[in-house]
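Quick notes on the structure that follows.
From a predicted model like this one, the values you see are computed outputs, not experimental measurements.
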Amino acid sequence: MDYQFNTRLDGNIAMTYHFHENTSLKRDKTLYKFIWVQSGTLSIEVDHIPMCLIKDEIVTLTPLHHLEVIEVKGEYLTFVFNSNFYCIYGHDNEVSCNGFLFYGSSKIMRLKLSEEQSYNLRDIVRIFRQESAVEDNLQEEMLRIVLKRFIITCTRIARQKFDVAGDNEKTFDIIRQYYVLVDQNFKEKKQVQDYADILCRSPKTLSNLFASCGLPSPLKVIHERIEAEAKRLLLYTNKSAKEIGAILGFEDLATFSRFFKKMAGESVSDYKKRVQREELPTIAE
């Protein structure tokens with residue numbers, strides 16, 4: 001059964017087992033998504049990158065990610081919401097997921113649940129179903145509370161995956177802040193020093209913090225975010241390479257083209273031709 005709630009201020013939260021059949025949700029480009037395979041397997045493409053998810057795997061996607069469901073062999077749950085219903089930026093101190101579960105369009109968080117973690121999330125889903133059936137003036141806030149609990153639970157699972165606890169929590173929060181700042185400013189600020197100044201840290205300190213957590217270098221984080229946005233614009237808009245380069249803050253087309261080839265391993269034109277040649281599979285009946 002599907003559940004959906006809309007507020008008078010265009011807030012939207014929904015839970016569905018048939019996302020690939022729900023035209024309105026598929027067309028909505030404002031939704032944050034949790035995709036949770038509960039049995040069997042699910043084949044998807046995120047920005048043309050194929051992924052096969054197995055039982056009790058979850059991926060988290062931002063509104064910037066383009067999702068295609070390719071093949072469903074089992075059952076999967078999609079839990080979605082928009083910023084008008086619950087703004088993860090405005091409530092970051094509550095859920096601590098911004099820059100961690102949700103990374104703009106350059107990273108995809110992929111979680112494998114233990115039996116206990118799966119049970120806990122199923123319990124939250126059960127509560128969401130119950131509250132969806134109660135139509136009173138408290139329903140909106142109750143659904144918001146349930147969503148917040150789901151986000152926090154997934155954040156805790158992700159923290160366990162990356163061994164975030166105790167002494168390294170401060171490091172974790174600095175890294176999260178860095179990812180958020182990059183997501184907000186990557187078109188204008190392309191040097192680690194820019195973000196180090198905002199965080200009152202040196203570039204070397206940031207590099208050491210990222211290395212201690214086994215993460216890409218701070219500079220690579222910036223470059224990967226720019227690359228992801230460039231690919232998104234090439235794939236889903238009709239803008240020319242010159243226009244995209246200008247949007248992303250490059251001085252000229254040649255500079256953008258060199259950057260793209262260095263990051264993607266192929267030229268802008270070759271990338272577009274290759275993607276256009278690829279035939280997207282249809283959803284299995």
Is a side-chain donor or acceptor of [X] paired with a backbone partner of [Y] at a separation under 3.5 angstrom?
| X | Y | value |
| --- | --- | --- |
| Gln38 | Leu77 | no |
| Lys161 | Ile157 | no |
| Arg201 | Leu199 | yes |
| Thr155 | Ile151 | yes |
| Glu71 | Ser43 | no |
| Ser118 | Ser114 | no |
| Thr7 | Gly11 | yes |

Give the cluster check for [X] versus [Y]: same hydrophobic cluster or not, with ILVMFWY residues linked at side-chain heavy-atom distances below 4.5 Å.
| X | Y | result |
| --- | --- | --- |
| Val275 | Leu234 | yes |
| Ile198 | Val180 | yes |
| Ile13 | Ile152 | yes |
| Phe172 | Tyr89 | yes |
| Leu111 | Leu215 | yes |

### Message
What verdict does the side chain to side chain donor-acceptor pair (under 3.5 Å) test give for Asn12 and Gln4, after you've listed the backbone C-alpha separation in whole Å, the side-chain angles of each residue and the deciding distance to 0.1 Å?
### Response
CA-CA 7 Å; Asn12 187 10; Gln4 188 163 357; 3.3 Å; yes

### Task
Go through the steps to decide whether Phe162 and Met109 satisfy the test side chain to side chain contact (heavy atoms under 4.5 Å, CB included), and finish with yes or no.
CA-CA 11 Å; Phe162 291 97; Met109 177 65 74; 3.6 Å; yes

#### Entry: Listed once per pair and sorted, the salt bridge (Lys or Arg N to Asp or Glu O under 4.0 Å) pairs that draw on residues 102-115, sequence neighbours left out
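Pairs touching residues 102-115 that pass the test: Glu57-Arg110, Lys107-Glu224.
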
### Query
In terms of the angle between their ring planes, are Phe81 and Tyr86 parallel, tilted or perpendicular, with boundaries placed at 30° and 60°?
perpendicular

Residues forming a ring-ring contact (aromatic ring centres under 6.0 Å, His included) with [X], sequence neighbours excluded:
| X | result |
| --- | --- |
| Phe128 | Phe79 |
| Phe260 | Tyr271 |
| His65 | none |
| Tyr236 | His66 |

Any side-chain heavy atom of [X] sitting closer than 4.5 Å to one from [Y]?
| X | Y | answer |
| --- | --- | --- |
| Ile44 | Glu68 | no |
| Phe85 | Leu147 | yes |
| Met15 | Thr78 | no |
| Phe150 | Leu121 | yes |
| Gln193 | Asp197 | yes |

Between [Y] and [X], does any NZ, NE, NH1 or NH2 come within less than 4.0 Å of an OD or OE carboxylate oxygen?
| X | Y | result |
| --- | --- | --- |
| Lys261 | Asp270 | no |
| Glu266 | Arg274 | yes |
| Lys231 | Asp47 | no |

### Task
Specify the closest pair of heavy atoms between Ile222 and Val192, including all atoms of both residues, with the distance to one decimal.
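Closest approach of Ile222 to Val192: CD1-N, 3.9 Å.
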
#### Entry: Distance-minimising heavy-atom pair for His223 and Phe259
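For His223 versus Phe259, the nearest heavy atoms are O-CZ, 3.5 Å.
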
Donor + acceptor pair across side chains of [X], [Y] (<3.5 Å):
| X | Y | answer |
| --- | --- | --- |
| Gln177 | Asp173 | no |
| Thr16 | Asn22 | no |
| Asp252 | Thr255 | yes |

### Query
Do Phe210 and Tyr178 make the cut of ring centroids closer than 6.0 angstrom?
yes

### Task
I would like to know whether Arg159 and Glu169 meet salt bridge (Lys or Arg N to Asp or Glu O under 4.0 Å); could you show each step before the answer?
CA-CA 9 Å; Arg159 282 184 171 214; Glu169 282 203 18; 3.6 Å; yes

Taking only distance into account, with no hydrogens and no angle test, what donor-acceptor pairs under 3.5 Å do side-chain atoms of residues 96-103 form with protein atoms, sequence neighbours excluded?
none

